[in-house]
Amino acid sequence: MAKIIYIEHNGTRHEVDVKTGLSVMEGAVKNNIPGIDGDCGGACACATCHVYVQPEWQAKLNPPEDLETSMLEFAENVQANSRLSCQIPVSDALDGLTVHMPESQH
Ligand code: FES
């Protein structure tokens, strides 16, 4: 279980507990957080779960696999700290993880 902080593009902050084993995307969808749709159900095939990871957390995450990197090319406004949140598994170590949603997702 970890507390994940999701911040919408308009600044609205959502702080929710997400069970270990779920992805950061699933944590958002289960809690009806706007800005992360997860249209493909986590198959790394839609990029509607694009988030910006707060810099201090980047190194603590599993690095992106090739499929995630290539799917990110289809996302808008990609930055150095962009990730697909369906590819980030939640664990206790991620307690406090903060992600921001891009302007194109709301
Ligand atoms: Fe579709 Fe993440 S939910 S790529």
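Each ligand, and each atom within it, is numbered from 1 in the order the structure gives. Throughout, residue positions are numbered sequentially from 1 according to the sequence presented.
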Determine all donor-acceptor pairs shorter than 3.5 Å in which one atom belongs to a side chain in residues 72-86; sequence neighbours excluded.
from, atom 1, to, atom 2, distance (Å)
N81, ND2, V53, O, 2.9
S82, OG, H50, NE2, 2.8
S82, OG, Q79, N, 2.7
S82, OG, Q79, O, 3.2
R83, NE, E68, OE2, 2.7
R83, NH1, N62, O, 2.8
R83, NH2, N62, O, 3.1
R83, NH2, E68, OE1, 3.1
S85, OG, C49, O, 2.8

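- Annotation: protein N, O or S atoms under 2.8 Å of atom 1 (Fe) of ligand 1 (waters excluded) comprise C40 SG, C46 SG.
- For E65, there are no side chain to side chain donor-acceptor pair (under 3.5 Å) partners at least two apart in sequence or on another chain.
- Here the side chains of W57 and I88 are not in contact, with every heavy-atom distance at 4.5 Å or above.
- Salt-bridge annotation for D95 and K3: absent, with no side-chain N of the basic residue lying under 4.0 Å from a carboxylate O of the acidic one.
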**Request:** List the steps and the verdict of side chain to side chain donor-acceptor pair (under 3.5 Å) for H100 and Q54.
**Result:** CA-CA 7 Å; H100 296 253; Q54 203 141 295; 2.8 Å; yes
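- I5 belongs to a hydrophobic cluster whose other members, connected by ILVMFWY side-chain contacts under 4.5 Å either directly or through intermediates, are I7.
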